[in-house]
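Accompanying notes for the structure given below.
So you know, we letter chains A, B, ... as the sequences are listed, proteins then strands, and number each from 1.
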Amino acid sequence: MHDNLVIVESPAKAKTIERFLGKEYFVTSSMGHIRDLEKKDFGIDMENNYQPKYIVSPDKKKIVAELKKHAKEAKMVWIASDEDREGEAIAWHLKEVLKLKPEKTRRIVFHEITKEAILKAIANPRPIDENLVNAQQARRVLDRIVGFEVSPVLWKKVKPSLSAGRVQSVAVRLIVEREREIMNFESQSNFRVTAVFLVPDKNGNPVELKADLKKRFETKEQAKAFLEKCKTAEFSIADIVTKPSKRTPAAPFTTSTLQQEASRKLGFSVSQTMSVAQRLYEAGKITYMRTDSVNLSSLAINTAKNKIIESLGEKYHKLRQYKTKSKGAQEAHEAIRPSYIDQEEVSGSNQEKRLYELIWKRTIASQMADAELERTTINIAVSNSPELFQATGEVIKFDGFLRVYMESTDNEDESDENASLLPPVKEKQALRAELVEATERFTQRPPRYTEASLVKKLEEQGIGRPSTYAPTITTVQNRGYVVKEDRPGVERQFVQMSLVDNQLKEAVKTEITGAERSKLFPTDIGMVVNDFLIKYFDKIMDYRFTAKVEVEFDEVADGNRVWSEVIDEFYKPFHENVENALEVSERTNGERILGDDPKTGKPVSVKIGRYGPLAQLGETTEEGEKPQFASLRSGQHLETITLEDALDLFKLPRDLGEYEDKKVSVAIGRFGPYVRHDNKFVSLEKNVDDPYTIELDRAIELIEAKREKDRKALIKTFDEEPELRILNGRWGPYISYKKKNYRIAKGTEAEKLSLEDCMKIIEAGPKPKQKKKK
DNA sequence: CAGTGAGCGAGCTTCCGCTTGACTT
């Protein structure tokens, strides 16, 4: 029995706070929101001023019951949810659901989890901010209306189970538009000239001085003409300019920047970053990981200061206060930082250690001095040409924060800008060129998004919140709008001309270009849905839509507008859009006519079918002729597939002949090319067999090889039950019975199982599977 | 585990943000 009940949002936070408060305080958590709009029947009373119909979320029933019990026993209930729009709404829902009486309820907020801050908060309670709550209700209702009115349009006009929403649909749009930019990109080539000069160092030994020609040549002829000139040219130092420069550390981590850096430096996916951070947070090692604030508490700043001065000295420290400037930031928390900044490392899994180290370094670096650099630019004149070569070098005069941490960039091509030392040279000094080389370079297409760079882009536009970045990225992939994939690059030839010992040589070389790792690609369905939404719901699909409604929510929060009026103003034209889309739009399937099959003269087209993208040959005719269908392969797209590639799809399945009186055919399935025989499937060997050319003999070879492998996998069978087999699989022995597989408990000797034992295992059944979402 | 692609038209799907487990492979 406690006199005081304090309710916060997260249990880890509750635990920390309880340590600061005396025995009279019991601190517990609501686990986020406890109520939400009803899922069935829309959850909004559209005839009655958009009145929300709230119900306690099923997974929160238990928590609410406990909270009720504690609230009844307490003399005073302190609601300490976050001080932002969502937090204020949580406070209000708690008050409503727990039926808290005003005289025994207090709303408090604090920005720092320290004893002083919390005691100060308790001394200064305030009423629940109704305006802020209404702003949240407007946000919630708008999102429900958009999601639940637009999604059904997609079910009718495109495909069932699809979804649309204020955040996810623009996330897909970004990816689709980037892909089209890449499709339409035409790479230009130019020639970059580099030279290596030999210069004596302090001891008179020759060292290399590498320099780039400032001008790039558009054509090979121009580049070649320049190299020809170089044969007779004299090179000399035109001038040397040395300029000081400095670098400043990046701000402490927010959710989005943590996801970006963990992706670049550690190769984590955004959801991986979040779950590792969650574990660190729960273990009390870092502050809260869902935040858009770059603010550090005064305690953190002081601890960092002491740590830096103690280990590196006074001059490495610089006190810095960071201000959040991203749109829509709500500053309910601190930046993500170590809870105890003097702790350089933590125990735990490898991933936890690495992520913690990253957070620690970033936090410390953010309180460190600028790095001071000196950048030297040497211009090298060419006697018979106005062009200049340029060599640049960078020397670190004082490393400052670079001692600890250096932020990465998304640009993979800037790695050659590494700081290098230049050999000692003087103005007017003559140089001997050892090598002059002109290399054909190509302009770069825009980069595809990674999960993390998409989060960055969304945050810049104020779309989505720290708690939703990772789930949004998962959703667009789950809906099949976007896939995260590796793609192999393609070979590209380029020309390289080199001048050595006055000999001009020319070579054609090859490089790999366009290879991608873990990048986001739109699928065909993603593109079709995107185009449909842009056509009929351009307002929602506008990148500025969220920013615009946020302005209105702010007006509600400031008490200058009534939330239901804001919604009404939005809803009337929006709903007309919905009605119009339902009425006017054709069923959309992204159909594209590719041309006619030269052999049969039949039309060939591609479109989205029930099971995904397909190619169609011929049409349904009145004479009862039916078209042929074939699924597109991974890597093929409605927008880009050619007639030839589509026609190739109809060459499979191929009949190879018979083996043991049964047909042998070859085709391509979800897992690649396979041979089919006697209702069994055998994969073709990668990079060896080609489904278009493979012959019967080789197919039989594969079938026999598979049989041999299966025999080895077979542990035991029973004559009484031919359908039951004990097999050896990838994860050890298991039972196969009537096309279902059953696990054998670890430690049991599979060979000794009797038929009865097996039947018992089968009766126990495979664990009831949760309904799987695709 | 991979083949399908018309169709009687049931009943279902879906949003964003706040939180943590409980899941499977």
Side-chain angles (χ1 to χ4, degrees), chain A residues 8-14 29-37 39-40 42-44 57 59-60 63 81-82 84-91 93 136 139-156 159-169 274-275 278-279 281-282 288-290 330 332 463-469 471-472 475 479 540 546 589 607-616 620 626-631 652-653 665-676 679-683 730-731 739 741 766-774:
Chain A
V8 295
E9 287 178 42
S10 115
K13 196 170 171 181
S29 66
S30 73
M31 306 266 191
H33 274 294
I34 52 162
R35 273 206 308 192
D36 192 13
L37 298 176
K39 259 189 110 160
K40 56 176 183 2
F42 215 71
I44 303 167
S57 322
D59 56 330
K60 297 291 164 61
I63 290 157
S81 48
D82 298 342
D84 57 8
R85 198 162 66 198
E86 298 297 327
E88 202 66 19
I90 289 174
H93 281 301
Q136 193 275 347
R139 199 280 304 154
R140 181 66 193 90
V141 164
L142 179 119
D143 282 335
R144 169 57 64 87
I145 288 174
V146 171
F148 276 34
E149 288 212 1
V150 179
S151 299
V153 179
L154 294 178
W155 305 342
K156 284 203 188 77
K159 223 176 105 163
S161 302
L162 295 175
S163 65
R166 174 176 59 82
V167 172
Q168 60 167 279
S169 295
M274 292 314 280
S275 71
Q278 174 89 29
R279 288 201 295 277
Y281 168 67
E282 281 167 16
Y288 197 58
M289 63 283 155
R290 290 188 275 262
Q330 299 188 16
I463 301 166
R465 303 280 315 134
S467 67
T468 59
Y469 297 137
T472 299
T475 301
R479 296 276 172 273
I540 307 295
T546 292
N589 55 21
K607 65 177 184 190
I608 298 215
R610 263 199 298 172
Y611 309 101
L614 63 84
Q616 179 175 345
T620 322
K626 277 190 179 174
Q628 252 183 291
F629 296 99
S631 294
L652 296 176
S665 62
V666 58
I668 296 181
R670 252 210 307 162
F671 308 116
Y674 63 88
V675 171
R676 187 183 169 188
N679 272 330
K680 288 194 179 73
F681 299 89
V682 186
S683 289
R730 253 162 84 197
W731 296 290
K739 293 200 170 170
N741 296 339
K767 280 184 206 156
K769 271 195 180 170
Q770 299 294 98
K771 50 179 172 178
K772 250 195 190 165
K773 286 201 173 172
K774 279 216 282 186

Taking the side chain of [X] as its heavy atoms from C-beta onward, which of [options] lies nearest to it?
X: S631(A); options: dG5(B), dA2(B), dG21(B); value: dG5(B)
X: F629(A); options: dG5(B), dG17(B), dG3(B); value: dG5(B)
X: Y288(A); options: dG17(B), dT20(B), dG3(B); value: dT20(B)
X: E282(A); options: dT20(B), dA2(B), dG5(B); value: dT20(B)
X: R479(A); options: dG5(B), dC15(B), dG17(B); value: dC15(B)
X: Q278(A); options: dT20(B), dT14(B), dG17(B); value: dT20(B)
X: F681(A); options: dA2(B), dC15(B), dT19(B); value: dA2(B)

Ignoring backbone atoms, establish whether [X] has a side-chain N or O less than 4.0 Å from OP1 or OP2 of [N].
X: R279(A); N: dG21(B); result: no
X: S151(A); N: dC15(B); result: no
X: R144(A); N: dG17(B); result: no
X: R85(A); N: dG17(B); result: no
X: Q136(A); N: dG17(B); result: no
X: S467(A); N: dC16(B); result: no

R144(A) side-chain N/O to F42(A) backbone N/O, donor-acceptor pair under 3.5 Å
yes

Sub-3.5 Å donor-acceptor pair from the side chain of T468(A) to the main-chain atoms of R465(A), do we have one?
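Yes: the side chain of T468(A) pairs with the backbone of R465(A).
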
Are H33(A) and R140(A) close enough that some pair of their side-chain heavy atoms sits under 4.5 Å apart?
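Counting from C-beta outward, H33(A) and R140(A) never come under 4.5 Å.
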
Rounded to the Å, how far apart are [X] [atom1] and [N] [atom2]?
X: R139(A); N: dG17(B); atom1: CZ; atom2: P; answer: 6 Å
X: K60(A); N: dG21(B); atom1: NZ; atom2: P; answer: 11 Å
X: R35(A); N: dT19(B); atom1: CZ; atom2: P; answer: 18 Å
X: I145(A); N: dC16(B); atom1: CD1; atom2: C1'; answer: 13 Å
X: D143(A); N: dC18(B); atom1: CG; atom2: C1'; answer: 13 Å
X: L154(A); N: dC15(B); atom1: CG; atom2: P; answer: 11 Å
X: R465(A); N: dT19(B); atom1: CZ; atom2: P; answer: 10 Å
X: D59(A); N: dG17(B); atom1: CG; atom2: P; answer: 18 Å

Could you check whether [X] gets within reach of a base, just the sugar-phosphate, or nothing at all, counting any heavy atom under 4.0 Å?
X: Q168(A); result: sugar-phosphate
X: P627(A); result: nothing
X: S10(A); result: sugar-phosphate
X: G612(A); result: base
X: Y469(A); result: nothing
X: G32(A); result: base
X: G87(A); result: nothing
X: A89(A); result: nothing
X: T475(A); result: sugar-phosphate

Let me know, please, whether L162(A) or T546(A) comes out on the 5' side of the other along DNA chain B by nearest nucleotide.
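The 5'-side residue here is L162(A).
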
Note: for G609(A) and V146(A) on DNA chain B, the residue whose nearest nucleotide lies more 5' is G609(A)

Closest contact, heavy atoms only, P466(A) versus R290(A)
CB-C, 3.8 Å

Which heavy atom of S81(A) sits nearest a heavy atom of A91(A), and at what distance?
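Shortest heavy-atom contact: OG-CB, 3.5 Å.
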
Does the ring of F148(A) meet both stacking tests against the six-membered base ring of dT14(B): centre distance under 5.5 Å and plane angle under 30°?
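F148(A) vs dT14(B): stacking yes.
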
Using the six-membered base ring of dT13(B), report whether W155(A) stacks on it, requiring centroids under 5.5 Å and planes under 30° apart.
yes

Please, what dot-bracket string fits DNA chain B when only Watson-Crick and G-U pairs with both distances under 3.5 Å count, crossing ones use [ ] and pairs to another strand use |?
.........................

Could you go through S163(A) and R479(A), starting from their C-alpha distance and side-chain angles, then the distance that decides it, and tell me whether this counts as side-chain hydrogen bond (donor to acceptor under 3.5 Å, both in side chains)?
CA-CA 7 Å; S163(A) 65; R479(A) 296 276 172 273; 2.7 Å; yes

Distance-only donor-acceptor test, S163(A) side-chain atoms vs dT14(B) base atoms, 3.5 Å:
no

